[in-house]
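All chains are named by letter (A, B, ...) in the order of the sequence lines, taking the proteins before the strands, and each is independently numbered beginning at 1. Heavy atoms only: backbone and side chains are in, while hydrogens, waters and symmetry mates are out.
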Amino acid sequence: MIRITFPDGNIKAFEAPPTGFEIARSISEGFARNCVAVKINGQILDMSTRFEADTPVRLITTKDPEAIEVLRHSAAHVMAQAILHLYPDAHLTIGPAVENGFYYDIDMGPVSEEDFARIEAEMKAAIKAKLPFRREVVSKAEAVDFYRNEPYKLEMIGELDDGTISFYKHGDFTDLCRGPHLPHTGFIKAFKLMKVSGAYWRGDQNNAQLQRIYGTAFFDKKDLKAYLHFLEEARRRNHRKLGAALDLFSFHDEAPGMPFFHAKGMVVWNALLDYWRDEHRAAGYVETKTPITLNRTLWERSGHWENYRENMYFTAIDETDYAIKPMNCPGGMLLFGSRRHSYRDLPLRQAEVGLVHRHELSGVLNGLFRVRAFHQDDAHIFMTSEQIQEEILALLQLEERIYGTFGLGFHLELSTRPEKSIGTDHQWETATAGLEAALKSYGKEYLVNEGDGAFYGPKIDLHIKDALGRTWQCGTIQLDMSLPERFDLFYVGQDNEKHRPTMIHRTVFGSIERFFGILIEHFAGRFPLWMAPVQVCLLPINDELVPYADQVRAELAEHGLRAEVDSRTESLNKKIREAQISQIPLTLTVGQKEMKAGTLAVRTLDGVVKHGVTQEAFLKRVLAHIRERKLELDLF
RNA sequence: GCCGGCGUAGCUCAGCUGGUAGAGCAGCUGAUUCGUAAUCAGCAGGUAGGCGGUUCGAAUCCGCCCGUCGGCUCCA
């Protein structure tokens with residue numbers, strides 16, 4: 001008698017050891033048809049697994065989040081089968097499920113997206129046939145014999161223990177695989193091959209170059225459609241496209257990876273930084289600035305010469321080696337050390353919007369997201385170890401405030417001591433405990449990445465979530481137990497003795513360039529009023545009204561509004577269209593009526609027009625809206 | 001850096017298998033003076049990313065370089 005316990009506490013007894021299928025059928029046939037796997041003690045197994053002992057089980061249906069990985073891994077097998085049919089000389093390597101789908105790395109001749117249709121057709125045939133996946137445990141010798149002509153598979157088998165090796169078969173296809181898999185291929189209701197790229201065997205450039213073919217798969221055609229729609233939406237919001245269309249920034253061959261900000265882009269940039277400064281001033285920061293080029297001695301002292309050289313740019317001045325700074329911290333250390341500090345000065349919050357250069361590989365450059373020159377909204381906070389918790393709590397609150405202004409949610413990740421690290425156990429313990437205590441008192445949930453900290457200290461990373469649900473790591477709070485030591489920094493305590501300060505590096509935006517790019521995509525180019533390059537566009541209805549429009553514009557400008565008059569001799573409709581397309585939040589049409597009454601016809605980006613708004617009311621509301629840096633424009 | 005795709009007017013793109021470059025938008029000029037998403041006409045604009053090669057002839061084929069896009073962490 002085998003007793004199976006369900007998640008709701010119900011227990012069912014089976015005379016003979018049941019398989020997952022039999023357990024599912026004991027509930028109902030309809031339910032069983034939707035089950036794809038069985039989960040016991042956190043492990044996901046095939047439906048065909050037979051349970052020889054009493055155990056708690058959870059049946060995974062197509063609705064459960066765990067199911068999609070099984071589906072995609074199976075889809076990878078189906079794709080591999082299709083490819084072997086079409087390219088018999090191909091050698092398979094690995095084919096896992098990944099975040100948005102799956103891939104298979106295959107040693108074969110070049111494939112292009114034009115080949116996808118044939119592969120997909122072949123896959124469809126396998127799916128239509130509803131081929132069952134069968135697991136088979138084989139001995140190492142059998143596996144080696146089966147794969148005698150498959151060098152990659154042989155290499156993998158070599159690393160596996162005899163007795164733990166399994167094959168999965170469906171139709172005429174067999175693959176070395178741990179599983180689990182779908183009951184049969186028919187569960188793959190929707191799939192699509194997405195792209196090909198090169199990848200190295202085991203991710204090592206010295207190894208053979210493989211073809212990595214990516215695909216995605218879903219249990220429901222609607223889900224695939226939604227995913228493709230998401231990709232389309234992301235394409236539509238692409239900051240590189242919008243940046244060019246809205247005249248915000250550009251890139252030039254003469255400086256790859258280094259953005260040029262246009263006049264309109266700088267308006268947004270400055271709005272962003274004005275806001276940043278307001279918040280930091282209120283939070284007790286001072287702003288500083290350090291040089292871009294510093295000599296070799298400094299970088300040797302900071303450790304960058306040894307550890308970060310590959311990413312740095314160098315130059316020589318009067319026969320001395322200099323480096324262009326890739327980080328602001330060493331300069332910040334010199335600055336702190338340039339005068340004596342009392343314990344009364346602490347915490348000293350020393351901010352710097354510093355321009356740094358990093359030599360990123362040419363292939364990884366990506367618009368404003370990955371550049372070679374960018375500004376960090378850095379700050380170095382010097383304090384006593386007793387102040388860690390309170391200071392970090394204040395920082396978390398500052399970050400939350402700032403992200404909230406853009407309507408960005410976020411989550412937190414704590415990274416602890418890595419294998420390779422400096423500092424004593426005691427230092428790490430107090431530092432990590434300080435971070436954890438701050439996180440606990442902050443109250444928001446956080447993930448822990450064990451061993452993922454920097455070599456010089458533990459850290460908290462803040463990952464923001466944009467309008468499309470994508471996450472980006474922007475903010476970081478890193479405790480540094482190395483630099484104050486290396487630069488022999490100290491403050492004078494109440495006891496009149498020298499003490500080593502505890503230091504943190506932190507950012508909110510991270511890279512301002514990258515954050516700018518994220519905001520463009522988050523808002524789809526439609527910035528909130530306070531950030532908009534042009535806030536108000538005035539459209540005189542005919543030439544005679546241009547002087548009046550100019551006069552209104554001047555009045556608005558006196559109140560600090562960024563307003564323009566479109567006095568071209570184009571049709572009103574055309575000017576409206578262009579104002580809307582360039583995402584100008586407020587379009588004011590001025591005609592005889594408005595001039596006589598001193599009112600405005602206000603058009604917002606939702607296409608709604610409100611007539612007869614008095615100039616006073618307009619100014620009052622708009623200025624308040626901007627002052628408060630509101631997100632939604634619900635003025636009229 | 002590596003693999004693959006792409007690079008034609010400021011922008012978006014066309015130009016079948018090699019025969020010597022075209023459209024829309026933008027720009028300029030003129031007409032139109034317009035009440036809420038493109039008025040009309042004309043003009044001008046390209047050493048086809050760069051260099052080299054094949055060919056009687058190259059935007060088109062080949063090679064190298066530059067730039068750009070996707071990927072290069074996920075481990076059967």
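Put simply, CD on A/Q592 is 8 Å from P on B/C34, counting in whole angstrom units. In this structure, A/R568 places its CZ atom 15 Å from C1' of B/U32, rounding to the nearest Å. Taking atom CD of residue A/Q211 and atom C1' of nucleotide B/C72, one finds them 12 Å apart after rounding to whole Å. Atom pair A/I581:CD1 and B/U12:C1' shows a separation of 14 Å (rounding to whole Å applied). Atom NZ in A/K241 sits about 16 Å away from atom P in B/G10, given to the nearest Å. Nucleotide B/C72 holds its P atom 11 Å from the CD atom of A/E99, rounded to whole Å. Here B/G70 presents its C1' atom at 14 Å from CG of A/L365, a figure rounded to the nearest Å. Atom-to-atom, CD of A/E570 to P of B/C40 comes out at 10 Å; the value is rounded to the nearest Å.
B/G70 and B/U60: their C1' atoms are spaced 25 Å apart (whole Å). Taking atom P in both B/C72 and B/A9, one finds a spacing of 31 Å when rounded to whole Å. Rounded to the nearest Å, the gap between the P atom of B/G5 and that of B/A38 is 42 Å. Using C1' as the reference atom, B/G18 and B/G57 are 8 Å apart when rounded to the nearest Å. For B/C25 and B/C43, the P atoms lie 14 Å apart once the distance is rounded to whole Å. Nucleotides B/A59 and B/C6 place their C1' atoms 14 Å apart, quoted to the nearest Å. Remark: the separation of the P atoms in B/U12 and B/C74 is 35 Å, to the nearest Å. As rounded to the nearest Å, B/G15 and B/G19 have C1' atoms that lie 14 Å from one another.
Each of B/U33, B/U36, B/C74 was ranked by its minimum atom distance to the side chain of A/N542; first place goes to B/U33. When distances are taken from the side chain of A/R212 to each of B/C2, B/C74, B/A37, the shortest belongs to B/C74. Each of B/C72, B/C74, B/U36 was ranked by its minimum atom distance to the side chain of A/V98; first place goes to B/C74.
With hydrogens and angles ignored, a donor-acceptor pair closer than 3.5 Å exists between the side chain of A/T569 and the base of B/U32. The base of B/U33 lies close enough to the side chain of A/D543 for a donor and an acceptor atom to sit less than 3.5 Å apart. Side chain A/E594 to base B/G35: a donor-acceptor pair is found below 3.5 Å.
The shortest side-chain heavy-atom distance between A/L633 and A/L586 falls under the 4.5 Å cut-off. Between A/S48 and A/R134 the shortest side-chain heavy-atom distance does not fall below 4.5 Å.
Phosphate proximity of B/C72 to A/S197: absent, as no side-chain N or O sits under 4.0 Å from OP1 or OP2. Of the side-chain N and O atoms in A/K574, one or more sit less than 4.0 angstrom from OP1 or OP2 of B/A26. Phosphate contact (OP1/OP2 of B/G71, side-chain N/O of A/K195, threshold under 4.0 Å): present. Applying the 4.0 Å criterion to OP1 and OP2 of B/G70, one finds that A/R240 has a side-chain N or O inside that range. When the side-chain nitrogen and oxygen atoms of A/N573 are compared with OP1 and OP2 of B/A38, one or more of them lie within a distance under 4.0 Å. One finds a side-chain N or O of A/S571 lying less than 4.0 angstrom from the OP1 or OP2 phosphate oxygen of B/U39. A/Y103 has no side-chain polar atom (N or O) that falls below the 4.0 Å cut-off from OP1 or OP2 of B/C72.
Residue-level contact check: A/K575 touches neither bases nor backbone, having no heavy atom under 4.0 Å from any strand. Across all strands shown, A/S250 has no heavy atoms under 4.0 Å from either base or sugar-phosphate atoms. Residue contacts shown for A/I541 include a base, since a base heavy atom lies under 4.0 Å away. As judged by a 4.0 angstrom heavy-atom cut-off over every strand, A/I157 is placed among residues making no nucleic acid contact. When heavy atoms are screened at a 4.0 angstrom cut-off, A/H77 is found touching no nucleic acid atom at all. Nucleic acid contact class of A/L539 (heavy atoms, under 4.0 Å, all strands): none. Contact annotation for A/A579: no contact, since no heavy-atom pair falls under 4.0 Å across all strands. Nucleic acid contact for A/S166: base, since at least one base atom lies under 4.0 Å from a heavy atom of the residue.
Here the rule is side chain to side chain contact (heavy atoms under 4.5 Å, CB included) with A/K140, and of A/D162, A/D145, A/D161 only A/D162 fits it.
Both A/L210 and A/P256 sit near RNA chain B, but only A/L210 has its closest nucleotide nearer the 5' end. RNA chain B is contacted by both A/R202 and A/L588; A/L588 maps to the nucleotide lying nearer its 5′ end (nearest heavy atom per residue).
Under a cutoff of 6.0 Å and an axis angle of 45°, A/R72 and A/F102 do not form a cation-pi pair. No cation-pi contact links A/R202 to A/Y152, judged by a cut-off of 6.0 Å to the six-membered ring centre and 45° from its axis. No cation-pi contact links A/K420 to A/F455, judged by a cut-off of 6.0 Å to the six-membered ring centre and 45° from its axis.
Across all strands shown, B/G27 forms a Watson-Crick or G-U wobble pair with B/C43, both key distances being under 3.5 Å. Nucleotide B/C56 has B/G19 as its partner under the Watson-Crick or G-U criteria, with both atom distances under 3.5 Å. In this structure, B/G1 forms a base pair with B/C72, meeting either the Watson-Crick or the G-U wobble geometry with both donor-acceptor distances under 3.5 Å. Summarising the base pairing, B/G63 is matched to B/C51 through a Watson-Crick or G-U wobble pair whose two defining distances lie under 3.5 Å.
For the 3.5 Å distance criterion, the side chains of A/S250 and A/H262 qualify, holding a donor opposite an acceptor. A donor atom on one side chain and an acceptor atom on the other are found under 3.5 Å apart for A/H181 and A/H77.
Using cut-offs of 30° and 60° on the angle between ring planes, the pair A/F167 and A/F146 is tilted.
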